[in-house]
Structure formats: structure tokens, C-alpha cells
Amino acid sequence: VAVRYSEVKEVEMSDRSDRDERIETVAVLADPVRRRLYDAVVGSDAGLSRDQAAATASVPAHSARFHLDKLADAGLLAVEERRLNGRTGPGSGRPAKVYVRIRDAVSVSVPARHYDLVGSVFASAVERSLAGEDLAAALSDEAHMAGHDDGTRFAAPKTHAREEDRAAAVLSARGYDPYETDEGVRLRNCPFDALATDHTDLVCGVNRDYVEGVVEGLGCRHLDAVLDPGEDRCCVRISRGR
């Protein structure tokens with residue numbers, strides 16, 4: 001989509017910046033020594049000091065600190081100050097740096113995938129089905145509500161961009177990689193690709209309902225989400241049909 005307004009550019013650049021930052025974080029583990037130290041720390045529930053990590057990973061102690069601090073700076077490890085002898089009070093010695101695992105996961109996929117979104121939609125639909133609702137109807141409704149929520153959270157004023165540009169900005173943040181053609185806005189990427197391969201009709205329906213929800217949440221009165229499957233692209237297209 002030809003982006004025309006600064007608000008839309010800021011959304012797209014923010015999404016790319018976040019992805020680039022996560023790629024740089026994971027790239028820290030490309031060094032084999034650093035990876036061994038990381039594996040040693042995450043394998044310990046209590047965390048490890050520099051010397052303990054070096055011994056576990058068979059890394060010289062004089063270089064372990066540099067690599068451990070790099071991992072901490074990248075947000076892959078946390079650092080605590082702790083006395084390793086367990087004593088407290090005067091004479092107990094200075095606390096040592098202890099490296100501990102980060103509980104939050106860091107994930108990167110290129111092209112972008114958002115299985116957290118589709119997982120949440122499926123889980124909510126199953127819960128409603130167990131309570132007695134029709135599963136297909138619940139799934140469609142949950143996908144539409146998820147898209148509507150994303151659309152309503154988009155901050156760009158309606159008067160500051162075309163409807164196609166505003167819809168594309170939201171879908172770009174979700175990894176759809178939108179682009180404009182004479183037939184409307186097409187989507188290069190399916191954020192749920194692995195699921196779509198084995199459950200095409202099911203996932204295509206979720207995609208259509210989600211995108212329709214985005215369009216409605218944005219208040220785009222002249223756009224429709226339609227099924228239009230094709231080679232190497234998402235099965236949904238946005239058309240100017242109203």
C-alpha cells in the first residue's frame with residue numbers, strides 16, 4: 001500500500017523496529033561460546049555465578065564474564081547480586097553476580113507468524129462450545145471480535161488516511177504484509193501459515209472474519225474482506241465494495 005500519512009508510517013516503522021530488535025537479540029546466541037553459557041544458565045533453576053557457568057560450559061573463566069554480560073545486555077539473562085556461601089551480616093563477604101534465566105520468551109519468525117492470536121481465538125471458541133454454543137459460529141465470532149479490537153485500537157484519525165491505508169497499517173502490524181493492487185489490498189503473508197497448510201478451510205475462515213473485524217473496527221464503511229485464495233499469498237483480499 002502506498003502510505004501517505006505520518007501516522008501510518010509510524011505504526012509500520014514501530015513494528016519493523018520491534019522485529020529488528022528481536023532479531024538482534026536472538027543473534028547474540030550465534031556465538032557458540034555464548035550459546036554454551038546461555039544453555040548452562042537456563043539449565044540451572046537457581047542461576048549460576050560466572051565461575052559456575054564457566055565450569056559448566058567448559059569456558060575459560062576470564063572470557064565467561066564478557067559473554068554472560070553480553071547475554072544480560074541483550075535481555076536473554078537477568079543478573080542478581082547474591083552471596084554464594086549463604087551467610088549474611090558482617091564478615092559474610094561481598095555478594096557475587098549470579099546470572100539467571102529470563103522467564104519471558106523471545107520469538108522471531110520471518111516472515112512474521114502470530115500463532116498467539118489464532119490460539120487465543122481457537123481457545124475462546126472452544127470454551128464457548130463446551131458451554132453449549134455452536135463451535136463454528138463461536139469461532140467466527142471470536143475471530144471477528146479479535147479483528148474488531150485491533151481495528152479500534154488503531155490511533156490514526158479517520159480523516160488522515162485512506163481506508164485502505166489504515167486497514168493495511170493494522171494488518172501490517174499483525175504480519176499480513178499488505179500491498180495494493182487494482183483489485184484492492186492483497187496480503188502476501190498468512191500469519192498462521194503452518195495451520196493453514198493442514199486446515200486450509202478452517203484457517204481461511206478465521207482470516208476472513210478477523211480481517212472483516214479489523215475493517216469494521218476501523219470504521220471503514222467502503223471496504224469488504226473477501227476470500228480470494230491464490231498461490232503464495234493469504235486467502236483474503238480487501239476490496240472496495242460498499
Side-chain angles (χ1 to χ4, degrees), residues 10-124 126-127 146 149-150 153 171-177 189-199 203:
E10 287 172 5
V11 170
E12 292 182 339
M13 289 303 296
S14 174
D15 181 61
R16 289 181 190 145
S17 176
D18 178 64
R19 184 178 64 181
D20 291 347
E21 184 176 337
R22 285 182 286 136
I23 291 173
E24 290 173 5
T25 296
V26 175
V28 172
L29 293 171
D31 184 288
V33 173
R34 211 167 285 159
R35 180 61 195 235
R36 293 208 308 272
L37 287 164
Y38 175 80
D39 288 341
V41 172
V42 299
S44 169
D45 290 337
L48 298 174
S49 68
R50 180 199 64 182
D51 291 342
Q52 289 169 334
T56 303
S58 300
V59 173
H62 67 271
S63 64
R65 180 175 181 177
F66 169 78
H67 291 297
L68 288 166
D69 285 343
K70 280 286 186 183
L71 291 166
D73 290 342
L76 291 165
L77 296 177
V79 180
E80 298 178 357
E81 297 284 338
R82 191 188 305 162
R83 289 186 174 86
L84 300 178
N85 57 20
R87 293 184 296 175
T88 60
S92 58
R94 296 179 59 187
K97 263 186 178 182
V98 176
Y99 298 87
V100 298
R101 65 181 300 181
I102 293 287
R103 297 294 175 182
D104 295 333
V106 178
S107 62
V108 176
S109 63
V110 180
R113 306 293 183 218
H114 284 273
Y115 297 110
D116 56 337
L117 171 61
V118 73
S120 175
V121 167
F122 282 177
S124 296
V126 169
E127 286 181 347
D149 287 346
D150 281 351
R153 282 198 293 266
L171 294 171
S172 178
R174 279 297 190 183
Y176 281 94
D177 197 6
N189 182 47
C190 174
F192 324 127
D193 182 68
L195 283 174
T197 300
D198 296 328
H199 309 282
V203 174

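These numbers come from the heavy atoms of this one structure, side chains and all, not from hydrogens, waters or symmetry mates.
- The side-chain contact (heavy atoms from CB on, under 4.5 Å) test applied to A78 returns V100, I102, not counting sequence neighbours.
- The stretch residues 58-67 participates, sequence neighbours left out, in these side-chain hydrogen bond (donor to acceptor under 3.5 Å, both in side chains) pairs: R34-H67.
- A distance of 8.0 Å separates CZ in F122 from NE2 in H199, rounded to the nearest 0.5 Å.
- Expressed to the nearest 0.5 Å, how far CG of L76 lies from CG of L68 amounts to 11.5 Å.
- By the 4.5 Å heavy-atom criterion applied to side chains, L48 and V98 are not counted as neighbours.
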Check against side-chain contact (heavy atoms from CB on, under 4.5 Å), K97 and Y99: CA-CA 7 Å; K97 263 186 178 182; Y99 298 87; 3.5 Å; yes
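- Of all the heavy atoms in A146 and V121, the pair that sits closest is CB-CG2, 4.0 Å.
- Looking at every heavy atom in both residues, A40 comes nearest to A57 through CB-CB, 4.3 Å.
- Contact between A64 and A54 at its shortest, heavy atoms only, is CB-CB, 3.7 Å.
- The pair D149-R153 does not meet the salt-bridge criterion, since no charged nitrogen lies less than 4.0 angstrom from a carboxylate oxygen.
- Of the possible polar contacts, none joining the D177 side chain to the N189 backbone as a donor-acceptor pair under 3.5 Å is found.
- Nearest approach of A61 to R50, heavy atoms of both residues: O-CD, 3.6 Å.
- For the atom pair OG1 of T56 and CG of D39, the computed distance is 11.5 Å after rounding to the nearest 0.5 Å.
- No salt bridge links D31 with K70; every basic N to acidic carboxylate O contact stays at or beyond 4.0 Å.
- Atom OG of residue S44 and atom CD of residue Q52 lie 7.5 Å apart, to the nearest 0.5 angstrom.
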